[in-house]
Structures are given as C-alpha cells and as structure tokens.
Amino acid sequence: LTPLCSMVAACSPRYLVEPVMLVFMFSYIMQIIYSSGIYQADVWYSQTKNETLVRHCLYNKEDEICKNLSEDGTKTFSMFNMYLSIESSLVGIVVNLLVAYIADRVSRTTILLVSLFTSVIGSGVLLLNSLIMATPRYIYFISVFICYMGGGFGAFMGTSMAFISDITDKNSRTSRIAIADSMLQLGALFGTFIGGQLMSHAAWFTTPLICVILNALLGFYVMFVIRNPQRVKTPKADSLKEMMTQMVDVYTTQSRNRTRIWILSAAYLFHFTAFLAYAGFFVNYLLMPPFNWPADRIGLISSISSIANFLLVLTVPLMRMAKIPETLIAAVSCGMCAAGFGVVCIAKSFAIITIANILKGGSGVALAVYRARLSKVVKPNQYGQLFMVLNSFESLAILISSVGLYQIYLLTRKWFSGFAFIILAVLEFTAMLLTLWDGYLAKAQGDTDDSDPQLVIQDGDEDQLIIPDQFNANGETVRISSNSSSVRA
C-alpha cells in the first residue's frame with residue numbers, strides 16, 4: 001500500500017477530492033437503505049401497527065412470524081423499487097445530458113456544490129417526513145426527484161472524475177481514478193453496514209439526519225478547501241440547436257478517436273448493466289427455492305464480494321506500475337465477471353457461490369480502466385462532458401437492469417433460475433471483446449496507455465492543436481510555452 005499512499009499524500013489537500021467521494025458515497029448508500037427500509041416498514045406497519053415487529057421482520061424475514069407479513073410486503077416493495085428505479089433513471093438521463101453542456105463551461109466546484117445542496121434538500125424531505133410521523137408513499141419519489149434535479153449522485157461523481165482528470169497526467173490518471181473508485185467501494189461497504197444497523201436499532205429519523213449533516217459538511221469542505229484546477233473552458237453556444245449539439249459533441253465530432261470512444265462507451269454500458277443487474281436479483285435468487293438461504297448467510301457473501309471488489313480495485317495502480325497493459329487489465333476483469341456469473345447459475349454450495357462472487361468482484365477494476373481510457377482519448381476541455389454522458393449511460397443501465405433484465409429473471413426462474421446469469425455472462429463477454437477491439441485500434445494508431453493522443457492533429461481540427469497542461473505533485477499547472485519551434489513541430 002506504500003506507493004498508493006504516497007501517490008495520494010503527494011497531492012495538496014486543495015486537490016484531494018477522494019475523501020469527499022468516500023463520504024458522499026457513504027451518505028448516498030445510507031439514504032438508499034433508509035428509503036427502501038422505511039417504505040417496506042410503512043407497508044408492514046399499516047398491517048400490524050407494531051413497530052417492534054416491523055423492525056424485527058426487516059432483518060429476520062425467515063422467521064415464521066414474519067413469513068406471511070413478508071410475502072405481502074415484499075410484493076409491494078418490489079414494485080416500489082421498480083418505480084423508483086424508473087424515476088431515477090429517466091430523470092438522471094435528462095439531467096446528466098443537460099449538465100453535460102455546462103460541465104466544461106463552469107467551475108467544477110459549482111457543480112459539486114449544487115449536487116450537495118440538492119442532496120441536503122432531498123435528505124431533509126425524508127427527515128421532515130420522519131419527524132412528523134407522516135408516511136405518504138409518494139414522499140420518497142419527491143425526495144429522489146429533488147436529489148436528481150441537481151444532478152444527484154451522477155453529477156457529483158462525474159464531476160469528481162473530471163476533476164481528477166484535470167489534475168493528473170496520462171501516466172498517473174488510471175491509478176488515481178482507481179484509487180477514487182476504491183474510495184467509492186469503501187463508502188458503499190461502510191454505508192451498507194452502518195445504514196442497516198441504524199435501520200435496525202436507531203430512531204427512524206437518525207439516518208436522514210446524518211445524511212443532511214454529512215452533505216452539509218461536504219459542501220463547506222468543497223467551498224473552502226477544494227480548489228478549481230486551471231483548465232481550458234469551452235465557449236458558450238450561440239443558439240439552442242448548437243447547445244443541443246454540444247451536449248454530446250464528444251461522441252459526434254469527427255476525430256481519429258471517435259470510434260474508440262464509442263467502443264469503450266459500449267463496453268462500459270454492457271459491463272455496468274451486468275454489474276447492476278447482478279446486484280438487483282442475486283439476493284432474491286438465493287432467498288427463493290431451491291436455496292431458501294437465510295438473510296445473514298446471503299449478507300456474508302455480499303460482504304465478502306464487496307471487500308474483494310475494494311481490494312481488487314486497489315491492485316490497478318500496482319499493475320500499472322508493473323506496466324501491465326490497460327486493455328489486458330480490463331479484458332481479464334470482464335472475463336472474471338463472466339466466469340463468476342456462469343458459475344453462480346449452476347453452483348449450489350456456499351463455498352462455490354462465494355468464490356464466484358469474489359470473481360465478480362473484479363467489476364470495479366474494469367470500470368476504473370474504462371473511465372481512465374476514455375479520458376485519454378478526448379480533449380482536455382471535454383472531460384466534464386464525457387463523464388456526464390457516461391453517467392447518462394449509467395442511468396440507462398439502471399433502467400435496463402431493473403426493468404428489462406429483472407423481469408426476464410422473474411419470468412425464467414421457474415424453469416431455470418440461473419438463465420438470467422447466463423445473459424449477464426454474455427454481456428460481460430461482449431464487453432471483453434469490445435475492450436480487445438479498442439486495444440487493437442489503439443495499437444494500430446500508435447497510442448500507448450501513457451501516450452497523449454491530443455498531441456495528434458485530429459481530422460477537421462487542424463487549427464485546434466491542443467497541448468495539455470502539465471502538473472506537479474500538488475496538482476498545480478505548469479504551463480508549456482507554445483511559441484518554440486520544437487513544440488510547433
């Protein structure tokens with residue numbers, strides 16, 4: 001861990017955004033657990049009027065006293081989750097595309113602050129709802145809508161990744177993005193554990209209150225500590241048509257790297273969809289016959305998988321130090337996930353399913369590599385737009401996985417419950433082939449993992465030669481003179 005720690009320690013606190021991402025993810029996961037748990041508790045409480053029984057059944061659904069209650073509540077809860085996923089996906093796609101237009105035209109901290117502000121308001125709605133003991137079910141949809149109208153999770157994380165791309169060069173970017181992704185894994189792990197404990201033992205208002213406080217503190221940290229990196233801003237559009245075009249011009253502008261951008265984005269979408277879909281129905285798969293496993297046993301497997309994901313993502317900087325090609329890293333990661341999904345669909349024992357979930361833990365590795373590789377084939381003044389469009393792809397993946405793939409799982413589980421996992425393995429295999437194709441194109445173009453494609457004049461952009469800024473250990477810009485004959489040459 002020494003080289004990883006030294007890489008982060010060498011960065012000035014004014015450019016250290018990873019801790020902010022960790023805390024934000026922690027708060028975000030706790031709020032999801034709270035919203036899901038309190039909704040199901042609301043359904044059950046309306047039937048029993050017994051809060052003690054409701055708390056018990058939230059985490060002990062296999063108990064005899066909870067079985068009849070759980071059957072009715074779970075059906076309603078599944079519908080709630082599907083509707084919530086549809087809302088967050090559709091709002092997320094639209095808002096992320098709108099934010100993509102301004103992502104490189106305003107400061108990074110402005111978007112971070114707006115996302116945090118709307119997150120505070122969304123958590124505050126849930127807090128107020130808990131304090132007045134009113135539980136109309138539409139309140140959760142209002143909270144999600146408020147959070148996503150400010151960009152929500154996607155805008156915050158996309159801007160954070162663009163921030164990291166601004167302050168790193170090509171040599172260190174993959175490692176730095178992997179470290180940021182490991183912070184997200186750690187935040188999700190702690191958020192799941194602590195959020196579950198709070199739902200089980202603390203007052204209902206505790207979780208949204210903590211989320212409000214954490215997001216407010218993050219806002220002050222971003223406002224007074226985080227410093228905007230120096231970068232080239234994109235000029236504003238002169239018309240609505242031009243603005244609509246510029247939202248996604250990273251994908252539409254003719255350039256030598258456009259094919260690679262589409263290939264990597266497609267691989268990212270396939271991989272992320274499989275990752276989300278697996279998380280969506282893996283628990284239900286083990287709760288239902290022929291397994292009928294208790295929740296604590298399934299929770300143990302999920303925890304092992306999360307820890308494996310966190311540790312595997314941390315190996316990316318070490319593999320890059322060993323000069324292992326990024327294409328190989330991402331392809332092997334997708335292959336591990338495909339193998340894990342294939343094993344799960346036929347495995348019956350606890351040990352084999354646990355091993356399969358450890359293999360699936362490689363999913364975070366591919367996501368980090370895809371983000372880094374995409375940032376290396378676009379212009380420096382398109383980082384924000386790139387990551388916001390990627391967030392729209394993530395919202396689309398949520399829609400595909402929660403509505404399409406989950407319904408396929410429900411329809412096929414009676415005759416072969418593992419069929420849906422085969423579909424996920426095919427998605428991962430497709431992502432692996434796309435990754436290898438990108439590696440072939442990069443080699444054909446003469447680009448390496450650490451090369452700088454922006455120094456090559458792109459078709460139609462002869463008058464827009466871009467020379468990326470160089471950065472020292474503190475993330476401060478070191479300007480390159482463009483007047484010398486050697487630079488022009």
Side-chain angles (χ1 to χ4, degrees), residues 1-13 15-19 21-22 160-187 229 260 264 267-268 271 306-337 358-359 361-378 380 383 387 431-432 435-436 438-440 442-443 445-455 468-478:
L1 293 178
T2 301
L4 308 183
C5 295
S6 62
M7 181 182 297
V8 176
C11 183
S12 166
Y15 294 98
L16 202 59
V17 75
E18 286 86 350
M21 299 173 71
L22 187 154
S160 299
M161 291 297 177
F163 184 97
I164 292 173
S165 300
D166 288 332
I167 64 174
T168 54
D169 56 21
K170 298 291 169 24
N171 294 320
S172 61
R173 185 169 305 158
T174 304
S175 298
R176 188 72 182 270
I177 287 180
I179 291 174
D181 271 354
S182 71
M183 294 297 101
L184 298 182
Q185 300 293 338
L186 197 60
R260 291 187 60 197
L264 286 168
Y268 186 91
H271 179 70
S306 298
I307 294 172
N309 207 343
F310 167 68
L311 295 176
L312 286 170
V313 171
L314 280 180
T315 64
V316 174
L318 304 180
M319 288 188 283
R320 291 300 298 127
M321 290 176 186
K323 300 299 182 182
I324 298 176
E326 291 177 357
T327 298
L328 180 61
I329 296 173
V332 170
S333 173
C334 292
M336 288 172 59
C337 292
I358 292 175
L359 290 175
S363 57
V365 174
L367 291 176
V369 173
Y370 287 144
R371 292 185 183 115
R373 287 184 72 78
L374 278 164
S375 71
K376 295 178 183 181
V377 295
V378 302
Y383 292 150
F387 286 110
M432 182 178 70
T435 304
L436 295 174
D438 169 70
Y440 170 78
K443 186 176 181 180
Q445 293 176 354
D447 294 338
T448 64
D449 292 340
D450 301 327
S451 67
D452 209 335
Q454 279 76 30
L455 288 177
D469 294 335
Q470 302 298 306
F471 302 93
N472 61 18
N474 290 329
E476 297 167 343
T477 306
V478 180

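Treat the numbers as computed from the prediction; the structure is a model and nothing was measured. Throughout, numbering of the chain's residues begins at 1 and tracks the sequence.
- Between M161 and Y383 there is no side-chain heavy-atom pair separated by less than 4.5 Å.
- When side chains are defined from C-beta on, L314 does not count as touching Q185, because their heavy atoms never get closer than 4.5 Å.
- Considering every non-hydrogen atom in both A330 and V369, the closest pair reads CB-CG1, 3.8 Å.
- Of the listed residues (I177, I329, D438), just one forms a side-chain contact (heavy atoms from CB on, under 4.5 Å) with R373, and that residue is D438.
- Rounded to the nearest 0.5 angstrom, I307 CD1 and L186 CG are separated by 10.0 Å.
- With hydrogens and angles ignored, the 3.5 Å screen pairs a side-chain donor or acceptor of R173 with a backbone N or O of T168.
- Contact of the V17 side chain with the M21 side chain is registered, since non-hydrogen atoms from C-beta on lie closer than 4.5 Å.
- Shown here for N309 and G364, the closest heavy-atom pair between the two residues is OD1-N, 3.2 Å.
- Contact record, F387 with S375: CZ-CB, 4.1 Å, taken as the closest heavy-atom pair.
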Exercise for the section: Applying side chain to side chain contact (heavy atoms under 4.5 Å, CB included), run through D181 and R371 and close with a yes or a no. Expected result: CA-CA 10 Å; D181 271 354; R371 292 185 183 115; 2.6 Å; yes

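- The shortest non-hydrogen separation linking A267 to A431 is O-CB, 3.7 Å.
- Considering CG of D169 and OG of S172, their distance stands at 4.0 Å, rounded to 0.5 Å.
- Taking every heavy atom of both residues into account, A366 and H271 meet most closely at CB-NE2, 3.6 Å.
- Here the closest non-hydrogen pair linking L312 and G362 is CD1-N, 3.6 Å.
- Between M336 and V365, every side-chain heavy-atom pair lies at or beyond the 4.5 Å cut-off.
- Two residues are said to be in side-chain contact when any heavy atoms from C-beta on lie closer than 4.5 Å; M319 and L328 fail this criterion.
- A heavy-atom distance below 4.5 Å is found between the side chains of I167 and R176.
- Side-chain contact check for Y370 and T435: at least one donor-acceptor pair (N or O, by modelled atom type) lies under 3.5 Å.
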